[in-house]
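Worksheet: the structure to be examined is printed underneath.
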Amino acid sequence: MHPTDFTLAGAAEALHEGLISSVELTQAHLDAIAALNPRLNAFLAVTAEAALREAAASDARRKRGDARPLEGLPIANKDLFCTEGVATTAASRILAGFIPPYESTVTAQLRRDGAVFLGKLNCDEFAMGSSNTTSAFGPVENPWRRGNDPDARLVPGGSSGGSAAAVAARLALAATATDTGGSIRQPAAFCGIAGIKPTYGRCSRFGIVAFASSLDQAGPVARTVEDCAVLLRSMAGFDPKDSTSADVPVPDFARACGRGVKGLRIGVPREYRLDGTPPEIAALWEQGLQWLRAEGAETVEISLPHTKYALPTYYIVAPAEASSNLARYDGVRFGLRETVAGSDLRDLYERTRAAGFGAEVKRRILIGTYVLSAGYYDAYYLQAQKIRALIKRDFDEAFGRVDAIVTPATPSAAFGMDEKQDDPVTMYLNDVFTVTANLAGLPGLAVPAGLDHQGLPLGLQVIGRAFDEETVFAVGGAIERAANFRALPAIRAGVG
Amino acid sequence: MTYTIEGRTGPWEIVVGLEVHAQVTSHAKLFSGAATAFGAEPNSQVSFVDAGFPGMLPVINHECVAQAVRTGLGLNAKVNLWSRFDRKNYFYADLPQGYQISQFAHPIIGEGVVEITLADGSAKNIGVTRLHLEQDAGKSLHDQHPQKSFIDLNRSGVALMEIVSEPDIRSPEEAGAYLTKLRQILRYLGTCDGNMDEGSMRADVNVSVRRAGEGYRTRCEVKNVNSIRFVMQSVEAEARRQIEVFETGGTVEQETRLFDTARGITRSMRSKEDAHDYRYFPDPDLPPLVIAQSWVDQLKAALPELPDVRRARYVAMGLSPYDAHVLTLERETAAYFEEVAAGRDAKIAANWVTGDLFAAINRTKTSIAAPPVPAAHLGALLDLLADKTLSGTLAKQVFEAMVEEGKSPGAIVEARGLRQVTDSGAIERIVAGVLDANTDKVAEYRSGKDKLFGFFVGQTMKAMQGKGNPALVNDAVKKLLG
């Protein structure tokens, strides 16, 4: 077995048993990165030296007998997390040269628990995108290929495309990611791995480059549901530095993964049966429900009547917040500064932001500025807030009847790098099944559940009650066991 | 009587509303732990939150919230248990986040009232519309380099209270009285130091003019006026400008103006067309600010005595309304007075504080906060007066010596032998000597020239170097002439 084939939990076990050292495990991943990253472009920065140093220290610590929960496990971080002393770009030119003098709470907690950091992962610029093609540093390639068209390069999904591609191709045991409208779940589904966006407030946002503050949540992507649970436990927890972080206990999520679904009521929202959804996605959804019924769950048709407004609501709220959150990238204090001699402040702003932001980021800043403008605020932003409250209420009512909701994760499998690039709205439709959980602040897990006719992975999504990730993991675990997803991407460590 | 400005076409009334920005007295900023001391090295009191670094988040400083609530209570205002922070979006080099966190739609404090006293002794209520919490911006320094502007972020994120008045103010005097009273209340509460020259209190002055009986006309806002005197001057200047516009057939456009202190006029800063669209929206980084009524009650119970209440108490103690007013103007003055008056005659204490002490402060260019004579020393001096150790005249001499030497009155009396002579035998012996030396005058007195009585008293006091007890000297002169 190649060391990069371990799951996170399996690697922890192997380290514990002394079958492998952290240095060996880390070196194997660094070798895989060196071999495959030139093709995949999943890593923006590889911190090889630091990783090996940390791994050696970790091995020494384990010898002393005080190993921590993630001791010596090599993982990687989406480049939206500020990492002290390591360049953080949000995949944008505007943060050129920015080296944070501080560490995000999530990554600090992972370090606290012994994780080894391999480097920083590519993503859509400022997490705005669903295909990882908006990165200023080039697109990430999905390690999967179509069986019937093996030369076509596919997108890994976005915005956490680097995280999902790296984990799927075994360049890291697991990775951190963030999800504002589906940015964890959609790339996880496209890359055949698991990923959870926890409840809003579960993970601190401190030190994460903000996209849309009321929607952003950090979460893990990994090759198993259990691995996600293990990583989330370290990432989560109340942080006094984030006023929106929740002061609630963090349970042992991993224990919930094997809990089973006997007696659970699983909601099946009728509004998620969209016209034009490929039949194989509808079939996979039904298959998933069958598996759960076979394990003793009851499936119940429910209604989430405001679902059809979710996407437009999201594309008002998220750009509105982004337009304000991104105002700080002005060339004055950090990152890119574009100026010419004799120019004034306004010119500095215009040049810096014109050169620093990509087209999609500019588009969203413009949309956000527009919907907040005098005369338009009531019609757009205020209306969107009202609908958001109704969407939340839909879920509250549904969760009075069911314990979890199961839906497809995405309306399609991964698409080609040159597809869907002309019309931004087509791209936005990728988030149709996932944005509702962000708008309602609920946990959502993507689990790989099968392959489409082209041999590409498809995922199912499990949505749970606020702060009830345990039930989500239980349902996700059951789907994972039943699906027994064993397919492997074409590009992966040890294969090339 | 309504204050008016006489134009060429008749009298005009002035309508003024003030927006006062008062820096909250607190050790840390509104949303970060950075310090707030005045006069620190540029950019030495800046956290990554204040500098708007990526991923930084605001966390409310509850001491600033408490200060806002205390201020609201001091303004007799409604405290809103639910309030919310909004972002006010605009670009400027000294606004690191690209937005100011403020309370636009739901302020923490609602309607209140401030009672002002005018020079003619009349009182008037000025309505307070609201008070909200917001962040200050940094400072742009344009005079440090020929081509560059420098930015100092020490102020960035400092907590401000914006206190908005109703348009109830009708004259420069009322504007001055309102600001003076507001500052007095803030200082009593300890919620703002009110130091306008350090920028911890500044005012935006909204001015319009109208004919008697009219509704409101268009107003202009004079921004960032930083002294009470300038506020009064800017009201007058702006009103005169608007009158001139109207009287020459023009219309006043709503705009933002600046007060040119050197020339005593206002100048246009930006017109309504150039006004920012601030794109206010609720700050998603901050949950609504919810406070408990029980906490408000606790703060209320612990409030210091406010100037109006204290003034009434002084009047009840026997002070004149004027003395009560003067002594309560500054919290430090009242504290000084109370220390002097404790266990002593309040009226005498008031006379000494407002008379000799104030004169000494003026003369020595000191302040009540660092007085030339400590309150304890002045109190001790009053005790020496009360037990007749010192006469009034001697007490004045001792007081001057206290100002000069900084010593206690006891020490000065001992050192200079200024103790009053109350031994009537000794006094009579001196009177007898004076009479012997002036037999001619004694004869004149006895033949009916009563006025000479004062001469004998004066001679006796002179012989005693002023140390004779005046009553006893009188008695002795009367007795021996008798």
Side-chain angles (χ1 to χ4, degrees), chain A residues 80-82 88 90 95 98 100-105 201 204-210 212-216 239-245 317 320-321 323-335 341-342 344-346 348-349 353 368-377 381-382 385, chain B residues 30-33 43 46-62 84-101 104-105 138 140 142 146-151 153 156 272 275-290:
Chain A
L80 224 53
F81 292 85
C82 290
T88 298
L95 273 168
F98 174 60
Y102 45 82
E103 185 83 19
S104 82
T105 297
S204 169
R205 294 183 298 111
F206 179 85
I208 303 175
V209 173
S213 312
S214 74
L215 300 161
D216 295 345
D239 179 6
K241 294 199 288 273
D242 174 2
S243 310
T244 62
S245 107
V317 174
E321 294 181 9
S323 71
S324 176
N325 282 336
L326 270 58
R328 66 188 58 199
Y329 305 101
D330 57 5
V332 174
R333 298 167 312 288
F334 48 78
D344 61 5
L345 181 63
R346 195 185 177 114
L348 167 75
Y349 288 153
R353 290 167 69 84
T369 304
Y370 178 79
V371 300
L372 290 175
S373 297
Y376 300 98
Y377 180 89
Y381 184 79
L382 203 62
Q385 292 292 42
Chain B
L30 183 53
F31 296 111
S32 84
N43 295 310
V46 186
S47 78
F48 292 118
V49 176
D50 310 321
F53 268 51
M56 291 298 105
L57 297 170
V59 176
I60 187 78
N61 174 352
H62 285 282
R84 196 180 68 191
F85 287 98
D86 301 296
R87 290 186 185 177
K88 177 180 180 177
N89 295 284
Y90 66 95
F91 282 89
Y92 203 62
D94 57 24
L95 188 75
Q97 300 167 117
Y99 54 84
Q100 177 195 34
I101 305 179
F104 178 62
S140 296
H142 300 297
Q147 279 92 38
K148 295 177 182 177
S149 291
F150 288 7
I151 307 291
L153 294 179
S156 171
K272 196 181 176 186
H276 294 295
D277 180 353
Y278 289 120
R279 289 171 285 122
Y280 284 101
F281 76 108
D283 191 329
D285 286 332
L286 291 162
L289 179 58
V290 180

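Letters A, B, ... mirror the listed sequences (proteins, then strands); counts begin at 1.
Residue B/D277 touches chain A through its side chain alone, counting heavy-atom pairs closer than 4.5 Å. Neither the backbone nor the side chain of A/L326 comes within contact range of chain B; no heavy atom of the residue lies under 4.5 Å from a heavy atom of that chain. In this structure, chain B has a heavy atom under 4.5 Å from the side chain of A/Y329, while its backbone stays farther away. Contact of A/Y381 with chain B is made through the side chain alone, with heavy-atom distances under 4.5 Å. Neither the backbone nor the side chain of A/S104 comes within contact range of chain B; no heavy atom of the residue lies under 4.5 Å from a heavy atom of that chain. Of the two parts of A/A320, only the backbone, made up of N, CA, C and O, holds a non-hydrogen atom closer than 4.5 Å to a non-hydrogen atom of chain B. Of the two parts of A/N325, the backbone and the side chain both hold a non-hydrogen atom closer than 4.5 Å to a non-hydrogen atom of chain B. Interface remark: B/F91 contributes backbone and side-chain atoms alike to the contact with chain A (heavy atom separation under 4.5 Å). Both the backbone and the side chain of B/Q97 come within contact range of chain A, each with at least one heavy atom under 4.5 Å from a heavy atom of that chain. Contacts of B/Y280 with chain A are made by backbone atoms alone, with heavy-atom separations under 4.5 Å and no side-chain atom involved. Contacts between A/F98 and chain B at a heavy-atom distance below 4.5 Å involve the side chain alone, from C-beta outward. For A/P100, no part sits under 4.5 Å from any heavy atom of chain B, backbone or side chain.
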Below 3.5 Å, can you tabulate the donor-acceptor pairs from side chains in residues 46-55 of chain B to any protein atom, sequence neighbours excluded?
residue, atom, partner, partner atom, Å
B/S47, OG, B/S32, OG, 3.4
B/S47, OG, B/V49, N, 3.1
B/S47, OG, B/D50, N, 3.2
B/S47, OG, B/D50, OD2, 3.1
B/D50, OD1, B/S32, OG, 2.8
B/D50, OD2, B/K29, NZ, 3.3
B/D50, OD2, B/S32, OG, 3.1
B/D50, OD2, B/S47, N, 2.8

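Options A/L80, A/D330, A/L345, A/V332 differ in how many heavy-atom pairs under 4.5 Å they form with chain B, and the most are formed by A/L345. When A/G207, A/C82, A/S324 are compared by the number of non-hydrogen pairs under 4.5 Å with chain B, A/S324 comes out ahead. Among the candidates B/P58, B/P287, B/P96, the residue making the largest number of heavy-atom pairs closer than 4.5 Å to chain A is B/P96.
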Steps toward side chain to side chain contact (heavy atoms under 4.5 Å, CB included) verdict (A/E321, B/F281): CA-CA 9 Å; A/E321 294 181 9; B/F281 76 108; 3.9 Å; yes
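The two atoms that bring B/L286 and A/T244 nearest to each other are N-CG2, 4.5 Å, heavy atoms only. Closest heavy-atom contact between A/S243 and B/D285: CB-O, 3.6 Å.
A distance of 8.0 Å separates CG of B/N89 from OG1 of A/T369, quoted to the nearest 0.5 Å. Note that CE of B/M56 is 10.5 Å distant from CD1 of A/I208, once rounded to the nearest 0.5 Å. Distance check: B/L153 CG to A/R333 CZ gives 7.0 Å after rounding to the nearest 0.5 Å.
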